[in-house]
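Since this is a predicted model, take the numbers as computed values, not measurements. Chain letters run A, B, ... following the sequence lines, proteins first and then strands; every chain starts at 1.
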Amino acid sequence: MDYFLTEEQQMIKEIAARIAQEKIKPVALKYDEEGIFPRDIVKILADSDLCGVYIEEEYGGFGGGIFEMALVVEELSKACGGIALAFAGTGLGTYPIILFGTDQQKQKYLPDIAAGTKLAAFGLTEANAGSDAAGIQTTAVLDGDEYVLNGTKQWITNGGEADVYTVIACTDRSKGARGFSAFIVEKGTPGFSFGKKENKMGIRASVTSELVFEDCRIPKENLLYREGMGFIVAMKTLDRTRPGVASQALGIAQGALDEALKYSQEREQFGKTISSFQAVQHMLADMAIQIEAARALVYQTCRYIDGGAKSFSKESAMSKVFASDTAMKVTIDAVQVMGGYGYMKEYPVEKMMRDAKITQIYEGTNQIQRNVIALEMIKELKGK
Amino acid sequence: MAGIKILKDKCVGCKLCVGACPFGAIVMIERKAEITDACTLCGACVSACKFDAIDFERGAVANAVDVSKYSGIWVFAEQKDGEPESIAYELLGVGRELADARGTTLSAVIIGSNLDDACKKLIAKGADKVFVVDDEGLEKFNDESYSSIFTQLIYKNKPEIVLLGATTYGRSLAPRVASRINTGLTADCTKLEIDPADGKLLQTRPAFGGNLMATIICPNHRPQMATVRHKVMKEMEADETRTGEIIRPDVKIPRDLVVKVKDIVKTITEMVPLTEADIIVSGGRGMGDPKNFALISELAEVLGGAVGASRATVDAGWIEYSHQVGQTGQTVGPQVYFACGISGAIQHLAGMSSSDTIIAINKNPDAPIFKVANFGIVGDVMEVLPLLIKEFKAALK
Amino acid sequence: MNVIVCVKQVPGTNEVKMNKETNTIIREGVEAIINPFDTYAIEEGARIKEETSGKATVLSMGIPSVAELLKETISVGMDEAVLLSDRAFAGSDSLATSYALSMGIKKIGDYDLIICGKQAMDGDTAQVGPGLAEKLGIPHTTYVRKIEEIREGYIRCQRMTEDGYEVIEMPLPAVITVVKEINEPRLPSLKGKMKAKKTEVTVWTADDIGADKALCGLSGSPTQVVKTFVPEHNVDSEMIEGTPEEQARNLARKLLSMQFAIQVQEEE
């Protein structure tokens, strides 16, 4: 199907697809097995000018938006959702700066990220603050010209590998949700260290670690936007990057379908290829239908956001829920189509099934997303 | 298309030419074939057409010479440290056949230093004459000096055919000289014959990675030059009783060369160089894992042979390039060649099909390797190889 | 350092099946590609021009559609593209090709180094590199696996041999042909693709480059193909059946009875 991409979007997609097939696919199983962070792939992405597709031109980027980022993430995820996360996670960590940074802050951080020489990460989640983000304990206290950070962030993608971290901390406990602020913290700042690297079910080529702040002092210029706006920064960022997770799920699903389809044409039982059997055909058809529907929703949401929509929490949430639920179902079915072989680590689909699960969980669980969607719908109804 | 056209009255629309064209340059228009501008005049369609419906006309050629003024078969004898390389003897082997068919003399040309012994050997191996250019400054191969000297010799003596080895040096020297003389050169010939009709050289070589064979001629230019790969042609037995003429021609040896060979570095320290081995055990992607190559090495060691590999395994980093057998690797012709877990892609076959006995072990009964194998085992290399190793170890105790 | 990289378009038909009865190739779509060995030449050219702030021009001789392929090379580091295209060039063998390319190079003019790939996948003759150097009257080295040093008027490179390599010095301008050990070709970059989109390929005819048509195409080619055919593999094959143990035993027996020069290894 023609998705009516612009010529530049087509180029971005082609380059990302070649990197995925020629460079990522050969190492995907190994990096997953051994939990290796794909530094080499990041370099290739950098050399191909993909790292800055979503960053403004004046800061060294290509000047594209969420759609361009999503196209890259989708293609890379067809080969490995975990490796794609080095890029997608950086996007998440960078968007607070893009959306709320001052010109100085942007000048300081964006060019290196666009060039691929630095990675970024987003620090919101804590042990006691997952879906209930308001339960954040990390504090930031203003002391003269500096903020002092204390606390621990958990399950941070790119933790330890990234150089630039956008972190949400509590500046005024009495103000509740209005008491959080967003900060930029650089790796290497005294008092900023990394805790354990998690051993995960899937996306194992992505690094997920704790961020530990112990009297970590950062210049007050590193405050993003204004004190008390931390929650807004976080929510606006996530609304915008959610289609990125959706496209990761989309890529994983497509990769799984491609493998299952190919296999069904090669595997023969009862004297014919298993693709001749209606049971298998129906499974493949349903997988394909779900993926196309998810793609349409994700692409449309991206275009909507890049087109200047003012509020898109609902659409963004929908794209993430649908694509991630699709990815889970498709990858499970892909393993099923491939039968015993699908279960074996030698074949790529069991990894894809393990990779897909997280897309239903992070950047807002699908349950929270459904809450958001329903509440938006009710708000719209009342607003009429 | 200039030079080639379909004779519409003879064309029956069978489309054989369409399939034969490697460039997709033939289309069907109203059930007759038509040649488009994508045609490169390779001539593949002419051979394919069973109805003589393709007319391929060649006009006059530039720089044509009076071929009757050229005679004699020449072989460029590559040497190292004053010792002729075996390729030189192989060329003399086929050169002898050509010379006998033409009723003419076979000469070897050798350039280097300290070559007295070499001349005798070349005669024993079939040369009627040896042109020797012996000078300390020529000890190491140098494109500049060797092409100058060789060209001078060719201009002066007018051989009709010149054969060189398709070696690193040969593939550099031959085209330079051919370009200087404005004559035709055919590379990597697998067969050389004399056309009984008019005495010209028929040069057959693989094309498209070995998917096609092409026979090439050089009708209007001399000498007809060809390179031949190592281990494709057979040497003659040395005959010490043979006599021949050793000629020390008067050539200008270029000094003050601009191309300088500064250093020669050996990086491969094989006990049995692959191309010289009588037995080769080769592994392909079907071995599954690089560590399984240990079985290949083991079998090779038990049999006193060398280890070979397919291009796929070299590209995947399982083994160094020096072991690669095939069109872009080395050509081998051992007595016994084991192809283990090798599918038999044309490019691989190009490198080993002249082996005397080929044994193929592969899981896939439809693997193309079985078509060229003398003995085939359909099975898992991981099962068969250890058993084979056991059998040979026991038998050779 | 200004570099000219000579490339050839080849059909992507090496993955081809043969119809033995009709002696024809069954093509799965004749997609044209840049000769794979030339991608290493392109990468080396791009690196040299980047390191010396020079210019890299890609040059090819072929049919008009080759221009599209040449544009793609801009996305991997080439700056300009020139295509020699003329009916007069059709049917060229290596000599006529060397001549035409040399005339194109003379028209491009300012260059320090010419890089070619080791050989083309269709003809596999590996002749144009040295042949071209001869027509230009400049030195050449084949099978270059590494350039040790390159500067104004001088190059020192490693030529790969059967058992190692040689270090060779030449003055510039010169021609080198490169092997795939020399580098790892890059993937296209976004900026590269955008540049490629805007690049116009310069197309020259035989007259534009002042080529004597008699020395081009068929009339300029001393060699001619008189026959093409599908290779025969007539071999008496014996399949060895049985359990793996039986197969191994039978094969070993057969080979040993054929009395090859199997050397017994002394057990230490």
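Heavy atoms from other residues, nucleotides or ligands lying under 6.0 Å from CD of Glu149(C) number more than 12. Atom OH of Tyr154(C) is surrounded by more than 12 heavy atoms from other residues, nucleotides or ligands within 6.0 Å. Residue-environment remark: NZ (Lys180(C)) exceeds the threshold of 12 foreign heavy atoms within 6.0 Å. Crowding of Lys146(C) atom NZ: a count of heavy atoms from other residues, nucleotides or ligands under 6.0 Å not exceeding 12. The number of heavy atoms from other shown groups lying within 6.0 Å of CD (Glu200(C)) does not exceed 12. In Lys13(A), the NZ atom is crowded: over 12 heavy atoms of neighbouring residues, nucleotides or ligands sit closer than 6.0 Å.
Of residues 184-192 of chain C, those residues lying under 4.5 Å from chain A by any heavy-atom pair are Glu184(C), Leu187(C), Pro188(C), Ser189(C), Leu190(C), Lys191(C), Gly192(C).
With a 4.5 angstrom heavy-atom cutoff, Ile19(A) touches chain C via backbone and side-chain atoms both.
Interatomic distance, Glu7(A) CD to Lys197(C) NZ, rounded to the nearest 0.5 Å: 3.5 Å.
In this structure, Lys193(C) pairs ionically with Glu14(A), as a charged nitrogen and a carboxylate oxygen lie closer than 4.0 Å.
Here Arg18(A) is the residue among Glu8(A), Arg18(A), Lys23(A) with the most heavy-atom pairs under 4.5 Å with chain C.
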